[in-house]
Enquirer: 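First the structure, which I've put down as structure tokens, then a few questions once you've had a look.
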Amino acid sequence: MSRHQNAPCGSRRSFRARLSGLVFGGLALGALAGATAPADAGTITIWHNYGTEVNATALSAVVAAFEKADPDVQVKVVSQPADNYFALLTAASISHSAPDIAVMWTGVWDLKYAHLLANLRPLLPANTLDQMKGLRWASQDYDTAKALYVLPLEDQFYIGFYNKDLLKKVGFDAPPRSWSELTDACQKLRAMGVDPMLYGSDSQALSSEFYPFYDLSYLMAGAYPADQWSGLADGKIPWTSQPIADQLQKWADLHKNGCTNPDVLTTSDILTKFAAGKAAMIVDGNWNLQQLYDKMGSSLGVFPLPFSNTPTKTVVELPGDGLSLLKSSQNKKDAIAFLTFLMSGDAQKILAQSGLVPAREGYAASNPLYADLFALTEKDGFTAVPMIDNVIQPPLVDVGQRVLTAAFAQQMTVQAALQKMQDAWNNLPADQKH
């Protein structure tokens with residue numbers, strides 16, 4: 001699939017070799033060969049925490065195309081456990097066994113681990129880099145003129161998936177768009193003997209339980225405009241504030257009132273169960289869209305979560321992760337060649353064909369359901385907001401994974417859970433309260 005693979009014998013030069021004479025941000029890529037002493041020249045290692053989701057298969061496909069374009073480089077792809085991925089990455093850096101390239105989340109996450117990450121801005125071709133989406137969220141202080149720590153892999157959505165056939169059976173030609181419509185749909189679906197919403201772990205397996213920040217992003221959008229979310233990080237908005245408490249109580253009531261499966265903390269493999277018609281709706285990310293579409297076809301629909309008193313006009317969209325170059329890499333030259341290839345048209349087409357949304361402008365997603373998602377902001381007046389877990393401090397994400405799921409399952413009150421979140425913020429070092 002590489003446009004380089006058909007070079008005639010005798011004149012063929014590898015992708016890496018063609019890059020070596022280029023100057024990126026004033027730094028010749030070839031000069032990097034002398035900047036490091038590769039322990040295993042011609043080999044780079046990439047870590048990811050994608051589990052078995054489409055991102056993992058898409059990354060492997062890009063790697064295969066890169067190796068075909070540059071047979072002098074071998075890429076080792078290592079899947080790491082998602083639930084302690086960042087701890088493993090930190091430990092590997094300390095022990096000098098870190099990979100050359102690692103998947104990294106954008107927003108506050110790349111800022112937290114910036115001391116491990118190389119600035120990509122002077123190392124990648126500026127004309128192509130400028131076409132990549134979401135660079136603000138991958139840059140120091142969210143300023144695209146400053147250091148860039150992550151090259152986005154794809155544009156991402158936190159969304160709901162729904163079974164069109166099941167909703168039509170209870171009189172819904174379109175998915176619910178508000179709390180009241182969701183309540184109505186839940187009651188009718190439950191009366192029909194179907195779980196309205198199915199919660200549990202999915203293919204990424206960030207933990208053994210469901211990931212609450214898909215929901216929390218929409219819950220916060222129903223409490224405060226996104227341009228005020230920085231108040232959650234700097235303390236101007238207490239986690240115990242009434243608008244947040246009201247939203248989370250309505251969310252917890254979904255489980256209490258039978259809108260979900262009873263075993264929300266122990267159910268696993270929700271994608272398979274949803275695709276088999278065991279529930280009408282699930283909450284997840286667009287990276288699982290293709291997998292579901294392959295099984296459900298035209299019965300599958302996508303929708304923004306209706307966690308709003310009025311019909312929602314918010315969709316959560318952000319290039320939430322990508323690939324970073326570790327400062328400790330012993331083969332920066334080949335690692336940069338791979339990251340440059342990732343931005344190429346060939347790689348972007350592979351990502352689209354895998355069912356993802358390419359992060360480079362001008363390359364469209366292939367699945368027809370993405371037209372529905374992009375129409376929300378382009379035609380229907382929706383506002384795109386970032387993922388809340390890319391905005392708040394990582395220690396709060398860790399605490400939220402425990403207490404928000406417990407509140408949803410009625411094992412802790414909403415007030416107690418939010419106090420735990422506030423306590424976590426109070427305990428942050430002063431230099432992290434921003």
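Here the structure is a predicted model, which is why all the values come from computation and not from measurement. Side-chain atoms are counted along with the backbone in the values below, which use heavy atoms only and exclude waters and symmetry mates. Count residues from 1 along the sequence.
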Enquirer: Locate the shortest heavy-atom distance separating Leu404 from Leu248; write the atom from each residue and the value.
Expert: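 Smallest heavy-atom distance, with atoms named: CD2-CD2, 3.6 Å.
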Enquirer: Atom CD1 of Ile46 and atom NE2 of His48: how far apart are they, to the nearest 0.5 Å?
Expert: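 Taking CD1 in Ile46 and NE2 in His48, the distance rounds to 9.0 Å.
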Enquirer: Determine whether a donor-acceptor pair (N or O, by modelled atom type, separation under 3.5 Å) exists between the side chain of Ser93 and the backbone of Ala98.
Expert: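 Side chain of Ser93 to backbone of Ala98: no pair is present.
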Enquirer: Could you give the distance from OG1 (Thr52) to CG (Leu271), rounded to the nearest 0.5 Å?
Expert: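 CG of Leu271 is found 8.5 Å from OG1 of Thr52.
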Enquirer: According to side chain to side chain donor-acceptor pair (under 3.5 Å), does anything in residues 126-135 pair up with another residue at least two apart or in another chain? List the pairs.
Expert: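 For residues 126-135, and leaving out neighbouring residues, the side chain to side chain donor-acceptor pair (under 3.5 Å) pairs sorted by first residue read Gln131-Arg360.
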Enquirer: Mark yes or no for whether Thr312, through its side chain, and Ser308, through its backbone, hold a donor-acceptor pair below 3.5 Å.
Expert: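 No: the side chain of Thr312 does not pair with the backbone of Ser308.
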Enquirer: CD1/Ile282 to CD1/Ile270 distance, rounded to the nearest 0.5 angstrom?
Expert: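 Those atoms lie 4.5 Å apart.
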Enquirer: Output every pair passing side chain to side chain donor-acceptor pair (under 3.5 Å) with a member in residues 227-241, not counting sequence neighbours, ordered by first then second residue.
Expert: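 Only Tyr224-Ser241 qualify under side chain to side chain donor-acceptor pair (under 3.5 Å).
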Enquirer: Give the C-alpha distance, both sets of side-chain angles, the deciding distance and a yes or no for side-chain contact (heavy atoms from CB on, under 4.5 Å) between Val316 and Ile159.
Expert: CA-CA 7 Å; Val316 177; Ile159 49 174; over 6 Å; no
Enquirer: Using modelled atom types and a 3.5 Å cut-off, is there a donor and acceptor pairing between side-chain atoms of Asp155 and backbone atoms of Ala359?
Expert: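 Here the side-chain-to-backbone pair does not exist.
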Enquirer: State whether a side-chain donor-acceptor pair under 3.5 Å links Trp179 with Gln247.
Expert: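 Short answer, yes.
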Enquirer: Any side-chain heavy atom of Met104 within less than 4.5 Å of one from Leu89?
Expert: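 Side-chain contact under 4.5 Å: yes.
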Enquirer: Nearest heavy-atom pair of Ala69 and Phe341: which atoms, and what distance?
Expert: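 The answer is CB-CE1, 4.4 Å.
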Enquirer: Would the distance check show the side chain of Ser139 and the main-chain N or O of Tyr142 forming a donor-acceptor pair, the cut-off being under 3.5 Å?
Expert: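 Not a single qualifying donor-acceptor pair exists.
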Enquirer: Do Val150 and Asp321 come within less than 4.5 Å of each other through their side chains, counting heavy atoms only?
Expert: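 Not touching, per the 4.5 Å side-chain cut-off.
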Enquirer: Quick one: side chain to side chain donor-acceptor pair (under 3.5 Å) partners of Tyr85, sequence neighbours excluded?
Expert: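 Testing Tyr85 for side chain to side chain donor-acceptor pair (under 3.5 Å), a comparison that skips the adjacent residues, returns none.
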Enquirer: Can you list the residues that meet the ring pair (Phe, Tyr, Trp, His ring centres under 6.0 Å) rule with Tyr293, with sequence neighbours excluded?
Expert: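 Per chain and number, Tyr293 pairs via ring pair (Phe, Tyr, Trp, His ring centres under 6.0 Å) with no residue.
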Enquirer: Is it true that a side-chain atom of Trp287 and a backbone atom of Glu53 form a donor plus acceptor pair closer than 3.5 Å?
Expert: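 No, Trp287 side chain to Glu53 backbone: no donor-acceptor pair under 3.5 Å.
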Enquirer: Assess, by modelled atom type and distance only, whether the side chains of Gln290 and Asn367 contain a donor and an acceptor separated by less than 3.5 Å.
Expert: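 There is such a pair between these side chains.
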Enquirer: Indicate the atoms forming the closest heavy-atom contact of Lys164 with Ser298, along with that distance.
Expert: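 In this case the closest contact between Lys164 and Ser298 is CD-O, 3.3 Å.
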Enquirer: If you take all heavy atoms of Ala365 and Ala352, which pair is closest and at what distance?
Expert: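 Reported closest heavy-atom pair: CA-CB, 4.4 Å.
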Enquirer: Provide the full list of salt bridge (Lys or Arg N to Asp or Glu O under 4.0 Å) pairs with a residue in residues 135-151, sequence neighbours left out, each pair given once.
Expert: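 Those involving residues 135-151 are Asp141-Lys146.
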Enquirer: Can you give me every donor-acceptor pair (side chain of residues 374-391, partner residue at least two apart or in another chain, under 3.5 Å) with its distance?
Expert:
from	atom 1	to	atom 2	distance (Å)
Thr377	OG1	Phe374	O	3.3
Asp389	OD1	Tyr158	OH	3.0
Asp389	OD2	Tyr158	OH	2.9
Asp389	OD2	Tyr211	OH	2.7
Asn390	ND2	Thr106	O	2.8
Asn390	ND2	Thr106	OG1	3.2
Asn390	ND2	Gly320	O	3.3

Enquirer: Is the ring pair Phe408/Tyr199 parallel, tilted or perpendicular, if the boundaries are 30 and 60 degrees?
Expert: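 It falls in the tilted class, 30° to 60°.
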Enquirer: List the residues meeting side-chain contact (heavy atoms from CB on, under 4.5 Å) with Thr405, not counting sequence neighbours, and say none if there are none.
Expert: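 Glu209, Phe210, Pro212, Leu265, Gln401.
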Enquirer: Check salt bridge (charged side-chain N to carboxylate O under 4.0 Å, His left out) between Asp253 and all other residues, then give those that pass, not counting sequence neighbours.
Expert: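 Salt bridge (charged side-chain N to carboxylate O under 4.0 Å, His left out) check on Asp253 returns nothing, list empty.
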Enquirer: Just jot down the side-chain contact (heavy atoms from CB on, under 4.5 Å) partners of Ala416, sequence neighbours excluded, or say none.
Expert: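 Expected list: Met412, Thr413.
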Enquirer: Could you check if a side-chain atom of Pro99 sits within less than 4.5 angstrom of a side-chain atom of Ile101, using non-hydrogen atoms only?
Expert: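 No. Closest side-chain heavy atoms not under 4.5 Å.
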Enquirer: Using a distance-only test with no angle check, is there a side-chain donor-acceptor pair under 3.5 angstrom linking Glu154 and Asn55?
Expert: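 The criterion, which ignores hydrogens and geometry beyond distance, is satisfied for Asn55 and Glu154.
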Enquirer: Spell out, as yes or no, whether a donor-acceptor pair under 3.5 Å connects the side chain of Tyr370 to the backbone of Gly355.
Expert: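 Confirmed, Tyr370 side chain pairs with Gly355 backbone.
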Enquirer: Do Phe338 and Ile44 have side chains that approach each other closer than 4.5 Å (heavy atoms only, starting at C-beta)?
Expert: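 Phe338 vs Ile44: side chains touch.
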Enquirer: Please enumerate all residues that pass side-chain contact (heavy atoms from CB on, under 4.5 Å) together with Ser97, with sequence neighbours excluded.
Expert: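 side-chain contact (heavy atoms from CB on, under 4.5 Å) check on Ser97 returns Ala92, Ser95.
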Enquirer: Closer than 3.5 angstrom, by distance alone: can the side chain of Gln393 be matched with the main-chain N or O of Gln432 as a donor-acceptor pair?
Expert: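 Between the backbone of Gln432 and the side chain of Gln393 there is a qualifying donor-acceptor contact (under 3.5 Å).
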Enquirer: Enumerate the ring-ring contact (aromatic ring centres under 6.0 Å, His included) contacts for residues 109-132, please, sequence neighbours excluded, ordered by first and then second residue.
Expert: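 Listed by first then second residue: Phe86-Trp109, Phe86-Tyr113, Trp105-Trp109.
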Enquirer: Would you say Lys333's side chain and Gly42's backbone share a donor-acceptor pair under 3.5 angstrom?
Expert: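 It does not hold such a pair.
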Enquirer: For the side chain of Lys332 and the backbone of Ser329, is there at least one donor-acceptor N/O pair under 3.5 Å apart?
Expert: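 Looks like yes, one N/O pair under 3.5 Å.
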Enquirer: Tell me, please, which residues at least two apart from Asn119 pass side-chain contact (heavy atoms from CB on, under 4.5 Å).
Expert: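 Asn119 satisfies side-chain contact (heavy atoms from CB on, under 4.5 Å) with Arg121, Pro122, Ala147, Leu148 once adjacent residues are dropped.
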Enquirer: Evaluate the ring planes of Phe161 and Phe274, with Trp represented by its six-membered ring, and classify them as parallel (under 30°), tilted (30 to 60°) or perpendicular (over 60°).
Expert: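 Answer is tilted, since the angle falls between 30° and 60°.
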Enquirer: Any idea which heavy atoms bring Pro243 and Ala223 closest together, and the distance?
Expert: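 Between these two residues, the closest heavy atoms are O-CB, 3.8 Å.
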Enquirer: Please check if the side chain of Asp70 supplies one atom and the backbone of Phe66 the other of a donor-acceptor pair under 3.5 Å.
Expert: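 No: the side chain of Asp70 does not pair with the backbone of Phe66.
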Enquirer: In Å, rounded to the nearest 0.5 Å, how long is the span from CG of Leu305 to CG of Leu216?
Expert: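 One finds 11.0 Å between CG of Leu305 and CG of Leu216.
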Enquirer: Regarding Asp100 and Gln330, is there a side-chain donor-to-acceptor distance under 3.5 Å anywhere?
Expert: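 Note: Asp100 and Gln330 side chains miss the donor-acceptor criterion.
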